[in-house]
Student: 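Have a look at this one.
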Amino acid sequence: MTSSLFSPIFTKTLAATLLVSIAAAANADQRIATFDLGSLDTLDALGASEQVVGLPKQSLPDYLSAYSGDAYTDLGGLKNPDFEAIADSEPSLILYTGRQSDWETELAEIAPLLNTRLQGDNYLASFDENVRQIASHIDAEAHAEEALEALHADIEAQREALSNAPRTLVVTHNGGNLMLNQHPVVHDVLGVAALEMPDSVTSETRGTRTFTPLSPDAIAEIAPDVVLVIDRSAAIGDEPANAEALAQALDDAGANTKLVLLTPALWYLSGGGLQSLKLQIDEVVNAL
């Protein structure tokens with residue numbers, strides 16, 4: 001039996017190879033506008049900085065300050081996109097989260113969208129899926145798997161180190177008020193036990209969101225050994241928490257606790273990235 005260079009098997013193999021090559025070339029040419037700073041963080045970690053064309057510069061954390069340069073278009077605010085600037089950057093893909101959900105229709109008219117919001121009850125599984133999804137758009141799957149493997153090894157080591165962690169309470173500071181924050185990096189990823197709330201602590205529902213205000217007296221009753229503070233006000237450019245005054249208020253209420261202010265932008269704006277998750281883990285480990 002004679003064989004042909006253009007046999008069905010060879011033709012299918014050639015076609016598959018060409019499709020992979022075309023997809024890889026398309027991914028290499030991807031022009032990405034991102035409103036998700038966690039995704040920007042991941043793109044940076046995966047070596048795709050040259051494929052980023054725009055981002056909201058006013059909210060950049062220090063470790064991503066390289067993206068404040070003229071090579072990248074300023075896309076406006078996290079909740080106030082500059083549609084003209086987005087269009088001018090000529091993206092082939094726009095990454096967004098719930099903060100931009102009201103603008104999905106307008107954004108989709110400019111370029112295809114990818115929602116990179118971490119969803120579901122399993123934070124780490126959602127995080128992994130998000131990294132892989134981003135990597136698939138820039139032909140960096142192998143790099144992503146290596147990064148995830150190293151990150152998971154570090155998480156396991158730190159979970160072991162924190163197996164006897166002190167009683168830890170996470171709160172959000174906003175405009176002088178404190179609210180309970182059951183942060184998944186602390187409680188789910190690192191396995192630090194969440195503290196039980198006393199009957200005196202009640203929650204409030206505003207729209208579809210639920211908040212649990214915490215007064216210094218309530219924190220004293222909860223009796224944490226450590227209070228980790230995520231300062232939303234500082235992250236968005238408002239009046240930051242006064243650490244000295246807050247420590248004094250807790251002391252006056254009888255709370256014998258260590259107060260640690262976490263890096264605001266890292267925890268409120270750029271979480272969910274390959275770099276930010278590692279930085280968050282390191283901050284918690286150092287605090288505890």
Side-chain angles (χ1 to χ4, degrees), residues 36-45 59-67 78 97 118 122-128 130-131 147-174 177-195 214 219 222 224-247 250 255-288:
D36 180 17
L37 298 182
S39 293
L40 175 64
D41 165 324
T42 293
L43 289 165
D44 183 75
S59 305
L60 277 177
D62 290 342
Y63 75 100
L64 294 175
S65 61
Y67 291 91
L78 289 173
T97 67
L118 297 184
N122 189 325
Y123 182 89
L124 200 52
S126 180
F127 171 88
D128 289 351
N130 212 40
V131 170
L148 287 172
E149 183 178 355
L151 181 61
H152 277 262
D154 183 62
I155 289 171
E156 287 305 312
Q158 301 303 354
R159 283 178 68 95
E160 180 65 25
L162 293 175
S163 58
N164 293 311
R167 289 171 52 83
T168 303
L169 178 69
V170 186
V171 301
T172 297
H173 167 262
N174 186 34
N177 301 308
L178 299 179
M179 291 172 289
L180 177 66
N181 187 326
Q182 301 281 30
H183 204 287
V185 171
V186 178
H187 301 305
D188 299 341
V189 176
L190 290 173
V192 176
L195 302 183
L214 293 176
I219 293 175
I222 297 166
D225 297 315
V226 180
V227 175
L228 303 178
V229 181
I230 298 172
D231 194 351
R232 177 187 183 275
S233 294
I236 64 173
D238 289 345
E239 185 71 25
N242 185 321
E244 185 176 342
L246 180 54
L250 292 173
N256 182 21
T257 184
K258 174 184 176 182
L259 186 69
V260 179
L261 270 64
L262 301 174
T263 303
L266 172 64
W267 285 84
Y268 190 74
L269 298 175
S270 71
L274 275 170
Q275 297 177 77
S276 59
L277 182 53
K278 177 65 170 70
L279 291 169
Q280 288 173 324
I281 289 170
D282 289 345
E283 281 204 348
V284 174
V285 171
N286 289 336
L288 303 186

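We use all heavy atoms of the structure for the numbers below, so side chains are in, but hydrogens, waters and symmetry mates are not.
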Student: Determine the minimum heavy-atom distance between Val226 and Pro166, stating which atoms define it.
Tutor: CG2-CG, 3.9 Å
Student: Determine whether Gln280 and Leu262 make a side-chain contact, defined as any pair of heavy atoms from C-beta on separated by less than 4.5 Å.
Tutor: no
Student: Can you name the one residue among Asp282, Leu266, Val185 that meets side chain to side chain contact (heavy atoms under 4.5 Å, CB included) with Leu277?
Tutor: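 Single side chain to side chain contact (heavy atoms under 4.5 Å, CB included) partner of Leu277 among Asp282, Leu266, Val185: Val185.
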Student: Provide the full list of ring-ring contact (aromatic ring centres under 6.0 Å, His included) pairs with a residue in residues 269-288, sequence neighbours left out, each pair given once.
Tutor: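 Of all non-adjacent pairs touching residues 269-288, none passes ring-ring contact (aromatic ring centres under 6.0 Å, His included).
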Student: What's the spacing between Ile230 CD1 and Asn174 CG if we round to 0.5 Å?
Tutor: 12.0 Å
Student: Mark yes when over 12 heavy atoms from residues, nucleotides or ligands other than Asn286 sit less than 6.0 Å from its CG; otherwise mark no.
Tutor: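 For Asn286, atom CG is crowded (more than 12 foreign heavy atoms under 6.0 Å).
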Student: Between Leu274 and Asp41, which heavy-atom pair has the shortest distance, and what is it?
Tutor: N-OD1, 3.2 Å
Student: Taking all atoms of both residues into account, what is the closest heavy-atom pair of Val189 and Arg159, and its distance?
Tutor: O-NH1, 2.8 Å
Student: Indicate the atoms forming the closest heavy-atom contact of Leu228 with Thr168, along with that distance.
Tutor: CD1-CG2, 3.8 Å
Student: Let me see the working for His173 and Leu246 under side-chain contact (heavy atoms from CB on, under 4.5 Å), right down to the final yes or no.
Tutor: CA-CA 10 Å; His173 167 262; Leu246 180 54; 5.9 Å; no
Student: Nearest 0.5 Å, what's the OG-CG distance between Ser276 and Leu64?
Tutor: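 These two atoms lie 8.0 Å from each other.
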Student: Out of curiosity, Asp36 CG to Leu118 CG, how far, rounded to the nearest 0.5 Å?
Tutor: 7.5 Å
Student: Could you walk me through whether Ile222 and Leu214 pass side-chain contact (heavy atoms from CB on, under 4.5 Å), step by step?
Tutor: CA-CA 10 Å; Ile222 297 166; Leu214 293 176; 3.9 Å; yes
Student: Looking at Tyr123, is its backbone amide N or carbonyl O close enough to the side chain of Ser126 to form a donor-acceptor pair, meaning the two atoms are under 3.5 Å apart?
Tutor: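 It does not hold such a pair.
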Student: Please determine whether side-chain contact (heavy atoms from CB on, under 4.5 Å) holds for the pair Leu180 and Leu169, giving the CA-CA distance in whole Å, both sets of side-chain angles, and the decisive distance to 0.1 Å.
Tutor: CA-CA 8 Å; Leu180 177 66; Leu169 178 69; 3.7 Å; yes
Student: Checking the side chain of His187 only, and the main-chain atoms of Val192 only, is there a donor and an acceptor separated by less than 3.5 Å?
Tutor: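 Yes, His187 side chain to Val192 backbone: donor-acceptor pair under 3.5 Å.
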Student: Strictly by modelled atom types, are Thr172 and Asn181 linked by a side-chain donor-acceptor pair under 3.5 Å?
Tutor: yes
Student: Where do Gly272 and Phe127 come nearest, in terms of heavy atoms and distance?
Tutor: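 Minimum heavy-atom contact is O-CE1, 3.4 Å.
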Student: List the atom of Val227, the atom of Pro224, and the distance in Å for their closest heavy-atom pair.
Tutor: CG2-CG, 3.6 Å
Student: Would you confirm whether Glu283, through its side chain, and Thr263, through its main-chain N or O, come within 3.5 Å as a donor-acceptor pair?
Tutor: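 Checking the backbone N and O of Thr263 against the side chain of Glu283, a donor-acceptor pair under 3.5 Å is found.
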Student: Run the numbers on Leu288 and Leu190 for side-chain contact (heavy atoms from CB on, under 4.5 Å), then give the verdict.
Tutor: CA-CA 11 Å; Leu288 303 186; Leu190 290 173; over 6 Å; no
Student: Is there a side-chain contact between Ser233 and Glu239 in this structure, where contact means two heavy atoms from C-beta onward sitting under 4.5 Å apart?
Tutor: no
Student: Could you give the distance from CG (Leu148) to OG1 (Thr42), rounded to the nearest 0.5 Å?
Tutor: 8.5 Å
Student: Quick one: CG on Leu40 to CG on Leu269, what's the gap to the nearest 0.5 Å?
Tutor: 12.0 Å
Student: At what distance, to the nearest 0.5 angstrom, does OH of Tyr67 lie from CG of Leu60?
Tutor: 10.0 Å
Student: Can a donor-acceptor pair be found, under 3.5 Å and without considering hydrogens, that links the side chain of Thr257 to the backbone of Asp225?
Tutor: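 Such a contact is found between Thr257 side chain and Asp225 backbone.
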Student: Give a yes or no answer on whether the side chain of Asp231 reaches the backbone of Ala241 with a donor-acceptor pair at less than 3.5 Å.
Tutor: yes
